[in-house]
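In what follows, a single structure is set out as structure tokens and then discussed.
Scope of the values below: all heavy atoms of this structure, side chains included, with no hydrogens, waters or symmetry mates.
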Amino acid sequence: MLIQELKCINWRNLEKLNLSFSNHLIILQGKNAQGKTNLLEAIYFLSRGRSFRRAKDQEMVTWGESYSYLGAKVGEDGTYFWKEVSIQPGQKKEWKINGHPGSGRRGIWLVGYFPSDHEIVAGPPQNRREYIDEAIGFIYSAHAALVKQYEGLLSRRNYLLREHASDDLIETYTEKLIHVGKKIIQGRLEYLRLYTPLIKEFYYRLGMNNQSLTLRYQPFGYHLDNEGGIHMEKGFEMVKEEEREREITIIGPHRDEIVFEKNGREFRTFGSQGEKKSLALSIKLAEMSVIQLIKKSKVIMIFDDVFSELDQSHQDLLLEEILNQGQVFISTTQENDDWARKRKNRVTVLNVEKGKIIMGKCNE
């Protein structure tokens, strides 16, 4: 899969763009706050249907303009398609594929790494739950629908607890919550069985000791057995009175944790900054590999400010790793001719300054 053309109109600080990419490696060079990340965000938005910044529509439209437009020509296996979106604040986004109404999440297989992804490792459990559900939902839309359904049921059940509703009514929503919650948990566990060995493999290939790294799913308030059974009913029965007192749903997939450990201790507390950065990168590289295994398609990758907090040897290992993948977009403040030397394929360098994109070196 290859983004061959990219069009941007009124997207943040970027001037009107109509870029063509014939190469697999695209380097965005420039000082901070010039527009490199905004360009990567546009590509991510076209693929995932949302901003990695969780930005509001108005924030993605150039100041003083009423709309924003993004479009990409995407090629794969000798064919291509166009994916477009028009954004007008206050209105529903208009997605099109080949000129026909489409979905924001359909068509472009892409994984992005941004500095904020450090929080997947170092942040609270909610960050890891949201990440894993987003990763699964990107591949399987049914999982995303289940998460949305669960959130609606959870909100309703919490409201009933606050309103001191009858036991029968609360029990009705408990049963519904358990039914949907088990499907979410099962989806997470199946994904992690495929995903965990890949994280360890990439962590090792980035120069880290993967023997000390473990990943486990930690249920909150209920039991998982060795045969894959999910025993939430007993857990809800045990906390019934506590839930009445606290007026909130205590157990379920919205409270579970995905735990990364180093020598048996939580990574987010005991990992060094370099180890956390390498783990965050391994998480994204593993996500890319899962998509390729399931969808049988090369995945586009974007990396924003990826080399900070890594010493030269780990930078070299990461560079060798990502250059073995499909199309890759990398933003950097560094000016380095090693890109062309280390990439045996072709390289395009784009210089970004005050929202302008200037074609730099192309290595054919």
Side-chain angles (χ1 to χ4, degrees), residues 44-45 48-60 87 89-93 95 103-106 116-117 119-120 123-192 217-224 229-259 268:
Y44 187 93
F45 193 94
R48 297 278 183 141
R50 66 170 183 84
S51 165
F52 75 91
R53 291 164 163 152
R54 312 283 180 174
K56 298 177 181 177
D57 289 354
Q58 186 59 58
E59 297 170 330
M60 295 181 286
I87 303 169
Q91 299 184 30
K92 187 176 180 179
K93 298 177 186 67
W95 290 94
S103 166
R105 286 174 171 260
R106 180 169 165 250
S116 58
D117 289 327
E119 290 300 305
I120 299 172
Q126 179 181 353
N127 291 8
R128 286 175 286 285
R129 289 193 298 268
E130 289 180 351
Y131 165 71
I132 208 74
D133 284 334
E134 166 72 19
I136 300 169
F138 185 53
I139 302 172
Y140 300 113
S141 59
H143 186 86
L146 284 171
V147 171
K148 186 175 181 180
Q149 183 183 1
Y150 182 89
E151 289 172 348
L153 291 169
L154 179 65
S155 177
R156 180 62 180 170
R157 189 175 188 274
N158 286 340
Y159 171 78
L160 293 173
L161 287 168
R162 291 193 301 271
E163 294 299 310
H164 306 286
S166 68
D167 286 345
D168 287 345
L169 185 55
I170 291 176
E171 181 61 26
T172 297
Y173 275 88
T174 301
E175 292 173 359
K176 292 179 180 180
L177 205 67
I178 289 173
H179 177 71
V180 178
K182 283 185 176 182
K183 291 182 178 180
I184 292 171
I185 295 162
Q186 190 61 46
R188 290 174 178 176
L189 294 173
E190 290 176 1
Y191 184 83
L192 290 174
Y217 191 86
Q218 182 173 294
F220 189 91
Y222 64 94
H223 174 62
L224 295 175
I230 303 168
H231 304 283
M232 296 177 68
E233 292 84 356
K234 186 176 180 180
F236 271 101
E237 188 64 30
M238 292 176 65
V239 299
K240 183 181 292 186
E241 294 304 318
E242 185 181 355
E243 287 189 326
R244 282 290 196 179
E245 292 175 7
R246 295 176 58 182
E247 300 179 348
I248 194 169
T249 303
I250 295 175
I251 71 171
H254 65 290
R255 299 292 303 278
D256 294 350
E257 164 72 299
I258 294 94
V259 182
R268 63 172 176 160

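Classification of E243 and R157 as a salt-bridged pair holds, one side-chain N sitting under 4.0 Å from a carboxylate O. Look at K148 and D133 and you find no salt bridge, because none of the NZ, NE, NH1 or NH2 atoms lies under 4.0 Å from a carboxylate O.
A165 pairs by the side chain to side chain contact (heavy atoms under 4.5 Å, CB included) definition with L160, L169, I170, not counting sequence neighbours. By the side chain to side chain contact (heavy atoms under 4.5 Å, CB included) test, E171 is found to be paired with T174, E175, residues two or more places apart in sequence or in another chain being considered. With sequence neighbours left out, the side chain to side chain donor-acceptor pair (under 3.5 Å) criterion links E151 to no other residue. The side chain to side chain contact (heavy atoms under 4.5 Å, CB included) test applied to K240 returns E237, not counting sequence neighbours. By the side chain to side chain contact (heavy atoms under 4.5 Å, CB included) test, R53 pairs with R12, T37, N38, E41, S51, A55, sequence neighbours left out.
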Distance-only criterion, 3.5 Å: show the donor-acceptor pairs between side-chain atoms of residues 124-131 and protein atoms not counting sequence neighbours.
unit_1 : atom_1 : unit_2 : atom_2 : d
Q126   : NE2    : E130   : OE2    : 2.8
N127   : ND2    : E119   : O      : 3.2
R128   : NE     : E257   : OE1    : 3.0
R128   : NE     : I258   : O      : 3.1
R128   : NH1    : I120   : O      : 2.9
R128   : NH1    : V121   : O      : 3.3
R128   : NH1    : G123   : O      : 2.8
R128   : NH2    : G123   : O      : 3.0
R128   : NH2    : E257   : OE2    : 3.0
R129   : NE     : H254   : O      : 3.1
R129   : NH1    : D256   : O      : 2.8
R129   : NH2    : H254   : O      : 3.0
Y131   : OH     : Y195   : OH     : 3.1
Y131   : OH     : E287   : OE1    : 2.8

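The shortest distance between side-chain heavy atoms of K56 and E59 falls below 4.5 Å. You'll find the side chain of F236 reaches within 4.5 Å of the side chain of L177, heavy atoms only. In this structure the side chain of F45 reaches within 4.5 angstrom of the side chain of K93, judged on heavy atoms.
Minimum heavy-atom separation, S116 to F52: OG-CD1, 4.4 Å. Minimum heavy-atom separation, I184 to H143: O-CE1, 3.6 Å.
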As a quick check of understanding, evaluate salt bridge (Lys or Arg N to Asp or Glu O under 4.0 Å) for D167 and R244, giving each step before the final call.
CA-CA 10 Å; D167 286 345; R244 282 290 196 179; 2.5 Å; yes
How far apart are the C-alpha atoms of M232 and K182, what are their side-chain angles, what is the distance that settles it, and do they pass the side chain to side chain contact (heavy atoms under 4.5 Å, CB included) test?
CA-CA 8 Å; M232 296 177 68; K182 283 185 176 182; 3.9 Å; yes
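Counting non-hydrogen atoms of neighbouring residues, nucleotides and ligands closer than 6.0 angstrom, the NE2 atom of H179 reaches no more than 12 such neighbours.
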